[in-house]
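Worksheet: the structure to be examined is printed underneath.
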Amino acid sequence: MKSYLEQHLKTRLTELGWPVEEPQFSRPKKAENGDWSTNIAMALARVARQAPLQIAHTIMEGLILDPEIVDRYEIVAPGFINFFQSPDYLAHQLRKIVTQDFHYGRNKSGAGQKAQVEFVSANPTGPLTVGHGRQTVLGDTIANILEWSGYEVVREYYFNNAGRQMRKLGESLRARYLTLKGQSTALPEDGYQGEYLVEIAKELLEQQPDLSVETELSVFKTHAEAGIFQIIKDTLARMGVTHDVFYNENTLYETGKIEEVLDELRRKNLVFTKDGATWFKTTELGFDQDRVLVKSTGEPTYRLPDMAYHREKFRRGFDLIIDVFGADHQDTYPDVLAALKVMGFDTSKVHVVIHQFVTLMRGDEVVKMSTRKAEFVTLDELLDEVGVDVVRYFYIMRGAGSHLNFDLDLAKRQTEENPVFYLQYAHARIASIFRKAEERGITYDVHADLTRLGEAETLALINELLAFPEVVERCLRSLEVHHLPNYLYALATALHKFYTEHRVISEDVPLSQARLFLLKAVKIALRNGLQILGVTAPERM
RNA sequence: GCUCCCGUAGCUCAACCGGAUAGAGCAACAGUCUUCUAAACUGUAGGUUACAGGUUCGAGUCCUGUCGGGAGUACCA
């Protein structure tokens, strides 16, 4: 309907000799303002030097619209043109949904294109925390949206298993190991105090009982890393998340990619040496200060590998590159992107999604988190307490740019007034009605007479239902996926209202069948939407 | 100091490229189950969209400034 109107309106504007800018259509909030509305007359007021209402009339007088699609239109002050869709059109759309079934809501905007989503990327120093949860769900849901838009998607996890942090980790494991062996050893200063290292030490002791203080640290480091990665991957699996690629920063060194980037920047005259360190001349590119690429110790900062990594992303041929970062990484990407641009890559392909922090609350108290001190609630613990469906939904229901308060007490307590259950209940309710219909011998009929559907609540439900593909596209355009849970909530509300007002199964068999047909379509949209969110759609509750 | 994010009902948050009377949930109050699942529905109340200017037919949305919260501003990542 939208594209139909767009097309005809554009043609008409051309006839009139007015600038054919992209006409904007929106679904009015109020049903009385039609099913689709455009503000084109107001937008043209200045250029055409006429009153918006006059323009609207001029446009509409010469516009011939198919009555099977558009029932009627109205011109309303200050200059809106509102269109009302015809019943035939609605019926036709409903049939389409049922035919598309598992494909309802998909679009082809990314067909033939490759996308990469990098998310989580936590270094293997400890289990994933509640803080990582937000990024996990955000990244995975964005990836789902891309898949529903036709992209071929690679989910990627970037990690670093070298450096000071990992050394500390190895030392911490060694201390735990030796303590288990009866040689009580203190954890190093700033060591990792988490209980998980004790578990990993026990495993190590079973497998290799002969290690000692003399053993190379790398043995402990390697074992700690493997053990922790197992924990992380298990957690991700519980969340329903599978990464296709785990990219080790170290390979960038081994294959000389780091040097290549440095050389390339040198050739562009953007590198200089000062105080024994190697600097990136970012001031030359419009930044307020220069940045260190290689420390005086000879060790590169995160910046250089990040540049090399992103250069690899481009070379691997991705058409769309999405980085999901926490707010603490805010300053790390502008100069990385600047370097890539200098190297000749099209950085408009890179989209950085920054999410604000999660504040973990216990009632009114803020829970402070630190991986090293093991003062945190792990994602696993959260999953144990409230389940995957609730965790995924809670993390995604708010915009990434908003700070998220995650109240543990509330999440645990929430079993009844929880929005997730509200959605799932809508789905289960429909399933239940279908079971009941079968009992009563009323069968679902593909050829049901849909002209029987016409009450206000019914039309509201159908309109909500038809918006689903638009919501998916909007999530894609904006990379703001919280629109989806919000939409599904509204769809569930429309369903519940319809249910309260109108009995589906009645003596009137044709009407029952028409309503069953509608519910079938609603069930499809709910199920597909929940699938994108990674939330289950139960048949009964 | 500078950069980025945020500020909307008592609380948690929506509001598509600037559109029509700023919407939900929770909490409060009042109702609705002999009938397909009441994990639901209806109604009442709750707002100077932090503040002050500006841009225009129209601003929660864009611009400038102020205040408040968060993140960054390292030879940490």
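Both backbone and side-chain heavy atoms feed into the values below; hydrogens, waters and symmetry mates do not. This one's a predicted model, so the numbers in the text were calculated from it and none came from an experiment.
At the phosphate of C17(B), neither OP1 nor OP2 sits under 4.0 Å from any side-chain N or O atom of Ser26(A). Phosphate contact (OP1/OP2 of U35(B), side-chain N/O of Lys436(A), threshold under 4.0 Å): absent. Close to A15(B), at under 4.0 Å from its OP1 or OP2, lies no side-chain N or O of Lys29(A).
No engagement by Asp306(A) is indicated, since no non-hydrogen atom pair under 4.0 Å with the nucleic acid exists.
Summarising the base pairing, A40(B) is matched to U32(B) through a Watson-Crick or G-U wobble pair whose two defining distances lie under 3.5 Å. Figure legend. G60(B) is base-paired to no nucleotide; pairs are counted as Watson-Crick or G-U wobble with both atom distances under 3.5 Å.
At a cut-off of 3.5 angstrom, counting only N and O atoms as typed in the model, there is a donor on one side and an acceptor on the other between the side-chain of Ser296(A) and the base of C75(B). Judged by atom type and distance alone, Asp328(A) does not reach the base of G72(B) through any side-chain donor-acceptor pair under 3.5 Å.
Under the 4.0 Å criterion applied to side-chain N and carboxylate O atoms, Glu539(A) and Lys523(A) are assigned as salt-bridge partners.
Stacking of Phe357(A) onto the six-membered ring of G70(B) is not present when judged by under 5.5 angstrom between centres and under 30° between planes.
Atom P of G25(B) sits at a distance of 25 Å from the matching atom of U61(B), rounded to the whole Å. Remark: the separation of the C1' atoms in G72(B) and A77(B) is 13 Å, to the nearest Å. Between A27(B) and C17(B), the distance separating the two P atoms is 33 Å to the nearest Å. Between A9(B) and U49(B), the two C1' atoms lie 10 Å apart (nearest whole Å).
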Exercise. Any chance you could lay out the side chain to side chain contact (heavy atoms under 4.5 Å, CB included) test for Asp35(A) and Leu466(A), step after step, and finish with the verdict?
Key: CA-CA 11 Å; Asp35(A) 299 303; Leu466(A) 295 184; over 6 Å; no

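Tyr422(A) and His496(A) have their aromatic ring centers within a separation under 6.0 angstrom.
Classification of the Tyr157(A)-Phe159(A) ring pair by plane angle, with boundaries at 30° and 60°, yields perpendicular.
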